[in-house]
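Contents: one structure, followed by commentary.
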Number of protein chains: 2
Amino acid sequence: MAKDRPTIADVASRAGVSKGAVSFALNGRPGLAQATVDRILAAADELGWRPSNRARSLSVSKAFALGLVITRDPAVLSSDPFFPAFIAGVESVLATRGQALVLQVARPGEDEAAGYRRLAQDGRVDGVFLSDLRHDDPRIDLLSELGLPAVTLNRPEGDSPFPAVCLDDRPGTVAVVEHLLELGHRRIAHVAGPQAFVHATARSDAFVATLAAAGLEPVAIEVSDFTAAGGIEATRRLLALPERPTAIVYANDRMAIAGLGAAQQAGLTVPDDLSIAGFDDSELAEFVHPGLTTVRADPYAFGEAAALTLNQLIDGAGTDDTVADVELPPARLVVRRSTARLEES
Amino acid sequence: MAKDRPTIADVASRAGVSKGAVSFALNGRPGLAQATVDRILAAADELGWRPSNRARSLSVSKAFALGLVITRDPAVLSSDPFFPAFIAGVESVLATRGQALVLQVARPGEDEAAGYRRLAQDGRVDGVFLSDLRHDDPRIDLLSELGLPAVTLNRPEGDSPFPAVCLDDRPGTVAVVEHLLELGHRRIAHVAGPQAFVHATARSDAFVATLAAAGLEPVAIEVSDFTAAGGIEATRRLLALPERPTAIVYANDRMAIAGLGAAQQAGLTVPDDLSIAGFDDSELAEFVHPGLTTVRADPYAFGEAAALTLNQLIDGAGTDDTVADVELPPARLVVRRSTARLEES
DNA sequence: TTGTAAGCGTTATCAA
DNA sequence: TTGATAACGCTTACAA
């Protein structure tokens, strides 16, 4: 059992001042002689005193914590390169401010609203990150109703009272398609993510638009679900097409890697018979055979920026300064061996 | 802004009782007439009152939260199937008790002790999960010094004051090796994880022991780092051996999948020229080509059991009932196409 | 420049 | 069975 922690009263009496003075000294407020401040801080140091979060929380009605609710199936969540890096980025800024991260994972079917409600009503967090934004996302109304500050990862469609931190998926997709066009491909298909998600449609829209700009139409667009199983399914359907595509652009690496497996199982050689591109640059992308051409973003920086922005919002709550949206550098194309020049057959 | 929440005093005055009575009614303590209890609960309901976590925290010196510190590189963390499912399992029990999960990810190089210290000193959590146990793990001394309750995932080597929740990795590894032996393999190599980790050595020990029981020695053991890059490296070294192994057992799927890529790149056909087995049954294992023979555990159940056990410990702190260790059903072999009968060449 | 005292919303103690 | 009242440890008006 750890010995009882010193309280602010102990520090005060040791320094020969009042509790109020200690509080002022700690928080660097003006109105104290430098000498007393020093004396107080010294006393605090000797006693090894650190203010109690719980007492502070009660007193100032703050949690000193941020929340992240991830609404995904755990199975889908694993092998997703985004969140671990994102969280690490978030924490790099929380650590310096003594804040904690409260994590909640909800299965898609479950009542995710309940999760946010709990976080808000229990006063667990001072704000939340809104990830995996959906079209007409009900969460933004929910959160403004709950009065819980939030930051959206990318911009929602309608009006949003919350600042957005954005990493545009489209330039990466455009780059992939242009890369394939340069390699001579004309029959290009797309395996998209669930169209409920803003980032999924952003990618498929960019895909279609880039082809259109070249005067082409997609061979097919298979809407899938970002899982490996879904990637397999979609790939099989595409390969069964009367006019098989010569290249497939997947909305994420997991589907792409699964698709690669499906193509190989179907007896095709990648990239000779079929070019394949992913999205995310997950760890395995580099190491599967052949290495996967994909698109790389920087989720760590995304996390940093989101945390910084959310804290700005929280700190300034009440102030009328609206917090500015943040635009991060877009994802970049990473060319590997899974895409190749189209051989005339 | 959400309207001001009602406090216990509001409920008390509405029900015409004292605050103490409300507290008793809420916590179902004896000593109140049933009629008053009903009246109080009704009043609370009408006002929509829920007790404030912050006030409770201060009053009873509890955080109503559990902590998980993950000491891994974010890049390594992604594409690890364990933690998302484990966390989901943990939360399935936390949700019913109104507890929250505080997550911290630390890079291996960083001072992880500082992370636990912060959690303890800030009173953020009532207990923590100790994952990725290492040999002579310094964290168990640290935590008992901090007086922070903990549960270890698997059993540490030395004496530990903490209950352990165990999922034995060895039977799975034994099963893999026996499977390969049955297929006629005799030259089997192993790509192990960092030997600082208890689970990594458990797997390599089981590997060696099972071969030994069959009167065999490993062709080679490559100690790697659980990453895809490490898996590639190790595989290349094994394939360059004068007497190439006919089968390789990897300590996790990520290295195995990368190794599969490396073997294919080296012109080998899996499983004809080389059998490959992993460990984890990550999502992609089923869908790479050929499908990966691997070992499946149940991290969700692991999380549930760990959370239950940690809460038992916390609830009973002070009591002398020591909390019993929990033994979970071991991981099971999943046979796919990446392993095959050895063809005499 | 410093000290006093009143919150914050619970739980716990102890008379009545 | 009840109802005051005192913690819990901090912040913050307001006095001095």
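Quantities reported herein were computed from a predicted structural model and do not represent experimental measurements. A, B, ... follow the sequence lines: proteins, then strands. Residue 1 opens every chain.
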Touch class at under 4.0 angstrom, heavy-atom based, for A/G16 against every strand present: sugar-phosphate
Sugar-phosphate, base or nothing in reach of A/S23, heavy atoms under 4.0 Å: base
With a 4.0 Å limit, can you tell me whether [X] has a side-chain N or O closer than that to the phosphate oxygens OP1/OP2 of [N]?
X     : N      : answer
B/R54 : C/dC8  : no
A/N27 : D/dT11 : yes
A/T36 : C/dT1  : no
A/S52 : D/dC10 : no

Check: A/V105 main-chain N/O paired with B/E91 side-chain donor or acceptor under 3.5 Å: yes
Backbone N/O of B/L167 and side chain of B/N154: donor-acceptor pair under 3.5 Å: yes
Pairwise 5' ranking along DNA chain C for A/S18 and B/A55, keeping only the more 5' one: A/S18
Side-chain-base donor-acceptor pair under 3.5 Å for A/K19 and C/dT4: no
Minimal non-hydrogen separation, A/F129 against A/Y116, with atom names: O-OH, 4.3 Å
Between B/N311 and B/Q99, a side-chain donor and acceptor under 3.5 Å: yes
Rounding to an integer number of Å, can you tell me how far [X] [atom1] sits from [N] [atom2]?
X      : N      : atom1 : atom2 : result
A/R50  : D/dT11 : CZ    : P     : 13 Å
A/I8   : C/dG3  : CD1   : P     : 13 Å
A/I40  : C/dT1  : CD1   : C1'   : 11 Å
A/L32  : D/dT11 : CG    : P     : 13 Å
B/Q121 : D/dG9  : CD    : C1'   : 16 Å
B/L26  : C/dA12 : CG    : P     : 12 Å
A/D38  : C/dT1  : CG    : P     : 13 Å
A/F24  : D/dT11 : CZ    : C1'   : 8 Å

Aromatic plane relationship, B/F86 with B/F83 - under 30° parallel, 30 to 60° tilted, over 60° perpendicular: perpendicular
So if I take every side-chain heavy atom of [X] and compare against [options], which nucleotide ends up nearest?
X     : options               : result
B/P51 : D/dT11, C/dT10, C/dG3 : C/dT10
A/V17 : C/dG3, C/dT10, D/dT12 : C/dG3
A/L58 : C/dT10, D/dG9, C/dT13 : D/dG9

